[in-house]
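Whatever order the structure lists them in is the order used to number ligands and atoms, beginning at 1.
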Amino acid sequence: MAAEKGYLGVTPPISVAQSSDREREITVSLMDELRRQNTFETEEEEIVLGRVAALVKKFVRDVSLAKGLSEAAANAAGGKIFTFGSYRLGVHGPGTDIDTCCVLPRHVTREDFFNVFEPMVRAAEGATEVSGVPDAFVPMIGANISGISMDLLCAPLNLSSIPEDLSLKDNNILKNLDESVVRSVNGTRLTDELLRLIPNVQVFRDALRCIKLWAQRKAIYSNKIGYLGGVAWAMLVARICQLYPNAAAGAIVTRFFTVMSKWPWPQPVLLKQIEEGPLQVRVWNPKVYPSDKAHRMPIITPNYPSMCATHNVSASTHAVMMRALVQGAAVLDNIVAGTSSWSELFTKHDFFHRYKHYIQIIAIAKSRQTRVKWSGTVESKLRHLIGRLEFVDNLELPHPFPKGFDRTITCKDAEEAANVLRGEEGGENVPDDKEESAQAEAAAAEEEGEEGGNKVYVTNFFIGLGIRRLESKDSIARRLDMGIPIADFTKLVKGDNFDDTNMGIALRHIRRTGLPPYVFDAGEQEATQGAKATGKRSRKSLGSSPPAKRLKMATVSA
Ligand SMILES: Nc1ncnc2c1ncn2[C@@H]1O[C@H](COP(=O)(O)OP(=O)(O)OP(=O)(O)O)[C@@H](O)[C@H]1O
Ligand SMILES: [Mg+2]
């Protein structure tokens, strides 16, 4: 395709010029700054991946033999791992998961993956925190092996054996596959296609590292909450690389901010023309599907079947991201002019200083394991709360923070623990003890009997409330009534698999001065004028009290 047109992408480049001396200069200083910010990974990963690849082959062989295949056929059955996501793109940093897809021959099933492979991973040297999620949208095993955390996906293909040189590029490979398998292999297919559509991979990597770090520092990195996730940021940077194929990384970053802060959304960002293909599946098309037309910031995956990687973006998160892009563009102007340095681009967000009022959403669980799932559910539904809050009178911007804060609450007895689970305050709120692994905890709980536990595990999410400036002094007109959105949200999260003996949900209105100290970095809170760590005085319960009270309490005076 590139050869025919002479360029990559859906339009010709804006400029094929080489970067100027100044752009090269700022590229050098950008790389220095990224190294200072410690965004590069270590070498350990390759070794661990080699071990996982060998384990997958052994697993395929064992299952093949157990299913009656001959020794020769079992040996030939193969099995292969494909890394994808940020590791495969070459922009993986310390502490991020390695996304890995285990491709299997057809006779090795998803059940085998969880019944046979999962225990093999658990028994592997250095393996901790191995937990399978067979019924997830994309079924997977989460594992930490020798300190490297991985998401292992499972993809049995329609092939009797998986040779070492197998490629997933051909769309026909998707024929007659289960939808969840299509999703699993499409992670790899997307990353590989992305790399094929970029004129200069090293420039892309350097620029993307910069943009990812910036987005994390500005608290606008999370697909689940309605910002962009890793792959969506990667596609935006890839598009800029296509538009300026000969530019150095520093210049790509500059263009990224100028182009993206002015992008005429909802015009989609495409890396190539959308392809038709052999499956009866939906390909993104706003002319046909009203839900696709509703996407505010569509960034479309290039591989078949193309989809929108940003369908969680709401009016609010869109506004927050645009504000950050415009500010970023201004900082870049100064960097290019030499009046500012790169570190200025990576300064921390001001989310916990910015608003007078916040909502705190607390996912409460009786065990650490329950919390993993429950806080995941609450997190994935938060965007619905944001969507409903967008319609509240006087509320200009419900601004979600992209990450939850995990805490352990130690109670004096089981009764107090039960109260905390119901959303009432109490117990001593302490940081999670990272040393105490989920498995050790499960073993201890079994010994004591779950019931006797006096610890409760919570994840706290925050939404900042940007309130419209009001002329009126009339207290009725100045009310912010969030009762209905909050009641709807509570109902929604309790919708599936809610078990009130092990889980709870509470929502509170909290003032800036009452924010808990753990949302701040060391020294940060003291620097904030008027911030106090006490908290209790100004907290009001929104979701844990009886409905009538909840409605009343949900009204904040603006
Ligand atoms: N919203 C999405 N739409 C389409 N594919 C997605 C989406 N989110 C994730 N994926 C697939 O899963 C892969 C891994 O996703 P992930 O969110 O871990 O991104 P990443 O690029 O690895 O960034 P990070 O450094 O944050 O892990 C992506 O490369 C992509 O193939
Ligand atoms: Mg990843």
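Tyr87 does not count as a contact of ligand 1, since none of its heavy atoms falls under 4.0 Å from the ligand. Look at Arg189 and you'll find every heavy atom at least 4.0 Å from all atoms of ligand 1. For the pair Asp99 and ligand 1, a heavy-atom separation below 4.0 Å is found.
Taking any N or O of Asp97, backbone or side chain, none lies under 3.5 Å from an N or O belonging to ligand 1. Close N/O approach between Phe84 and ligand 1 is not found [any backbone or side-chain N/O within under 3.5 Å]. Of the polar atoms of Cys308, none of the N or O atoms is found under 3.5 Å from an N or O of ligand 1, judged by distance alone. Between Thr301 and ligand 1, no pair of N/O atoms sits closer than 3.5 Å. Ligand 1 has no nitrogen or oxygen under 3.5 angstrom from a nitrogen or oxygen of Thr310.
In this structure the side chain of Thr301 never reaches within 4.5 angstrom of the side chain of Glu193, judged on heavy atoms. Taking 4.5 Å as the limit, every side-chain heavy atom of Tyr227 sits out of range of all side-chain heavy atoms of Asn312. In this structure, the side chains of Ile299 and Trp233 stay at 4.5 Å or more apart for every pair of heavy atoms. Residues Ile335 and Val253 form no side-chain contact, since every pair of their non-hydrogen atoms from C-beta on lies 4.5 Å or further apart.
When hydrogens are left out, the protein atom nearest atom 30 (C) of ligand 1 is Leu190 CD2, 3.7 Å; that is the closest non-hydrogen contact. Scanning all protein heavy atoms for the shortest distance to atom 17 (O) of ligand 1 gives Gly230 N, 4.4 Å. Looking from atom 21 (O) of ligand 1 to the surrounding protein, the closest heavy atom is Ser86 N, 3.4 Å. Nearest to atom 29 (O) of ligand 1 among the protein's heavy atoms is Gly85 CA, 3.3 Å.
With respect to Val138, the side-chain contact (heavy atoms from CB on, under 4.5 Å) criterion is satisfied by exactly one of Cys154, Ser184, Cys101: Ser184.
The aromatic rings of Phe405 and Phe352 sit perpendicular, their planes meeting at an angle over 60°, well past the 30° parallel limit.
Salt-bridge annotation for Glu164 and Lys57: present, with a side-chain N of the basic residue lying under 4.0 Å from a carboxylate O of the acidic one.
Taking every non-hydrogen atom of Tyr221 and a distance limit under 4.0 Å, the qualifying atoms of ligand 1 come out as 23 (O), 24 (P), 25 (O), 26 (O). Ligand 1 places these atoms under 4.0 Å from at least one heavy atom of Thr191: 29 (O). Atom numbering of ligand 1 starts at 1 in the shown order; those under 4.0 Å from a heavy atom of Met307 are 3 (N), 4 (C). Per-residue contacts place Asn223 under 4.0 angstrom from the following atoms of ligand 1 (heavy atoms of the residue considered): 1 (N).
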Problem - side chain to side chain donor-acceptor pair (under 3.5 Å) between Asp32 and Ser29, worked out - result: CA-CA 5 Å; Asp32 287 346; Ser29 58; over 6 Å; no
Practice task
Could you give me the CA-CA distance, side-chain angles and deciding distance for Arg189 and Asn186, then say whether side chain to side chain donor-acceptor pair (under 3.5 Å) is met?
Solution key: CA-CA 5 Å; Arg189 285 165 43 85; Asn186 265 339; 2.8 Å; yes
Exercise for the section: Please assess Glu23 against Thr254 for the test side chain to side chain donor-acceptor pair (under 3.5 Å), listing each intermediate value before the final yes or no. Expected result: CA-CA 9 Å; Glu23 285 168 344; Thr254 311; 5.7 Å; no
Practice task
Walk me through it: do Glu125 and Arg51 pass the test salt bridge (Lys or Arg N to Asp or Glu O under 4.0 Å)?
Solution key: CA-CA 10 Å; Glu125 199 190 316; Arg51 288 173 49 207; 5.1 Å; no
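Counting non-hydrogen atoms of neighbouring residues, nucleotides and ligands closer than 6.0 angstrom, the NZ atom of Lys403 reaches no more than 12 such neighbours.
Residues Phe462 and Tyr358 place their aromatic rings such that the two centres sit no closer than 6.0 Å.
Checking Ala215, Ala309, Ser306, Gly187 against atom 1 (N) of ligand 1, the nearest heavy atom belongs to Ala309. The heavy atom nearest to atom 25 (O) of ligand 1, out of those in Lys212, Glu193, His92, is found in Lys212. Among Ile98, Val138, Val231, the residue whose heavy atom sits closest to atom 8 (N) of ligand 1 is Val231.
Nearest N/O/S atom of Asp99 with respect to the Mg ion (ligand 2) is recorded as OD2.
Residue side and main chain included, Asp97 places no N/O/S atom under 2.8 Å of the Mg ion (ligand 2).
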